[in-house]
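Read through the structure below, which is laid out as structure tokens, and then see the notes.
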Amino acid sequence: MDEGYEVYCGLDVGKSEHHAAALNAAGERVFDKPLPQDEARLRELFTGLQQHGRVLVIVDQPNTIGALPIAVARDCGCTVAYLPGLAMRKAADLYPGKSKTDARDAFIIAETARAMPHTLRAVDRDSEVLAALKVLSGFDADLTHECTRAINRLRSLLLQIFPALERVFPGTVLTRSLVLELFIKYAGPTGLRVAGRSNVLRWARNHSRKDPVNLVDAIFAALGEQTVTVIGTEAVELVIPRVAAQIKELKHQRAIVAEEVEKLLDDFPLSRVLMSMPGVGIKTAATILLTIGDAGTFTSAGHLAAYAGIAPVTRRSGTSIRGEFPARSGNKQLKNALFRSAWIASCHHPASKAYYQKKRDQGKKHNAAVICLARRRCDVIYSMLKNGTLYEENPAQAA
């Protein structure tokens with residue numbers, strides 16, 4: 001982040017009102033007042049501060065309630081940056097007092113940007129694609145959480161009235177389209193028993209591309225394992241089809257969002273760069289682009305790895321404490337994306353698989369070996385994003 005600014009304006013954003021604290025290069029306050037969530041007042045502030053020279057506007061929340069101040073600041077010609085919450089909390093500990101006020105937070109944001117510019121992160125570039133991608137990814141995350149809750153609810157309902165039937169649908173079998181449709185139509189064990197095996201099998205064959213005989217046999221074998229009716233079964237069987245329908249609809253919405261994300265990424269050149277690398281798909285590419293963009297704010301691949309939390313942390317104190325330990329911090333979304341892509345590559349990409357096995361042979365456990373591979377791949381991803389080049393195999397390099 002460029003350090004040549006005459007004014008550092010920290011904004012503690014709020015739903016209806018922000019608090020702005022502006023400092024000059026010497027650390028003296030030039031503004032310290034609350035501001036309404038209003039374009040005219042924000043524009044007046046930023047234009048006035050520009051009389052002192054170049055202005056850097058720093059926010060603690062770049063999305064939702066912080067979107068308007070960012071847009072106005074950019075329109076006024078100010079540079080915009082983002083101070084992550086963890087960095088702000090650590091910086092706040094350096095100042096006396098434990099009070100938590102908007103004025104104090106705004107001052108800490110501005111002072112941290114002035115004294116420690118390396119803690120700042122660039123706000124999303126002026127890209128409609130990235131802005132739309134962020135909205136869709138957030139919506140998809142909400143859908144994922146709702147779907148997970150509904151799946152857990154359905155499994156809990158089955159366990160409550162018929163544990164043997166629940167065991168027929170391990171893992172993702174419970175969320176297959178045929179299984180959900182089956183629960184929507186027959187509700188539960190009572191409806192399945194009344195319909196009978198032949199009718200259920202006939203219906204399943206009309207609604208499945210594959211032969212469902214094994215699944216239907218497993219269902220009726222489980223139905224024969226329990227003869228008693230648990231209290232509350234009738235009420236549970238009223239809920240089961242509704243929960244199954246909810247899961248089906250959530251999956252459909254996620255599929256629509258995935259299509260929209262894919263269309264957006266098709267128009268974004270860096271997405272093709274990322275997805276040319278083995279193990280990087282649409283979701284991983286979207287996560288990487290949303291968290292680091294073109295990697296322009298990182299000075300090196302090591303800087304990016306440290307930000308992601310996949311670089312080992314060195315600890316030394318005198319002669320008694322020496323060693324490297326796994327990082328416990330970093331951007332969790334980026335770390336998870338790099339970890340997942342490395343894991344997939346270790347299963348399907350020959351060079352990555354060989355490197356993973358090499359680390360296992362050295363005595364590392366699975367997660368540690370995958371992290372080593374992710375760290376190695378991070379160097380490649382950084383170079384690809386900086387240069388805009390597609391992934392290429394290097395046969396001269398040992399896997």
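Keep in mind that the numbers below use all heavy atoms, side chains included, and drop hydrogens, waters and symmetry copies.
Across all non-hydrogen atoms, the minimal contact from Pro69 to Gln37 is CD-OE1, 3.8 Å. The minimum heavy-atom distance linking Arg104 with Ala92 is given by the pair NH2-O, 3.5 Å. Scanning all heavy atoms of the two residues, the minimum distance from Ile344 to Gly279 falls at CG2-CA, 4.1 Å. The nearest pair of heavy atoms linking Glu237 to Gly188 is OE2-C, 3.4 Å. When all heavy atoms are compared, the tightest approach of Leu42 to Pro36 is CG-O, 4.3 Å. Residue Cys76 comes nearest to Gln50 through the heavy atom pair O-NE2, 2.7 Å, listed as atom of the first residue, atom of the second, then distance.
Remark: Lys364 NZ is loosely packed, at most 12 non-hydrogen atoms of other residues, nucleotides or ligands lying under 6.0 Å away.
Counting only N and O atoms by type, the side chains of Gln333 and Thr291 include no donor and acceptor under 3.5 Å apart. Side chains of Asp102 and His18: no donor on one and acceptor on the other come within 3.5 Å. For Asn199 and Arg202, the side-chain atoms include at least one donor-acceptor pair closer than 3.5 Å. Between the side chains of His349 and Glu393, a donor-acceptor pair is found at a separation under 3.5 Å.
Residues Phe298 and Tyr307 bring their aromatic ring centres within 6.0 Å.
In the hydrophobic clustering of ILVMFWY residues, with side-chain heavy atoms under 4.5 Å counting as a link, Leu192 and Val213 come out together. With hydrophobic clusters built from ILVMFWY side chains whose heavy atoms lie under 4.5 angstrom apart, Ile184 does not share a cluster with Ile247.
Just one of Thr227, Ile231, Thr233 meets the side-chain contact (heavy atoms from CB on, under 4.5 Å) condition when paired with Thr229; it is Thr233. With Asp12 as the fixed residue, the side-chain contact (heavy atoms from CB on, under 4.5 Å) test singles out one of Val59, Asp60, Ile108, Thr101: Asp60. Of the residues listed (Leu94, Thr119, Leu120), the one engaging Thr112 in a side-chain contact (heavy atoms from CB on, under 4.5 Å) is Thr119, and it is the only one. Evaluated for a side-chain contact (heavy atoms from CB on, under 4.5 Å) with Leu201, the options Asp217, Asn206, Ile219, Val216 yield exactly one hit, Val216.
By the ring-ring contact (aromatic ring centres under 6.0 Å, His included) test, Phe183 pairs with Phe169, sequence neighbours left out. Under the rule for a ring-ring contact (aromatic ring centres under 6.0 Å, His included), the partners of Trp343 that lie at least two apart in sequence or sit in another chain are His366. Applying the side chain to side chain donor-acceptor pair (under 3.5 Å) test to Lys248 and every residue at least two apart in sequence or in another chain returns Glu181.
To the nearest 0.5 Å, the span separating CG on Leu35 from CG on Leu11 amounts to 7.0 Å.
Both the sub-6.0 Å distance and the 45° axial angle are satisfied by Arg376 relative to the ring of Tyr355.
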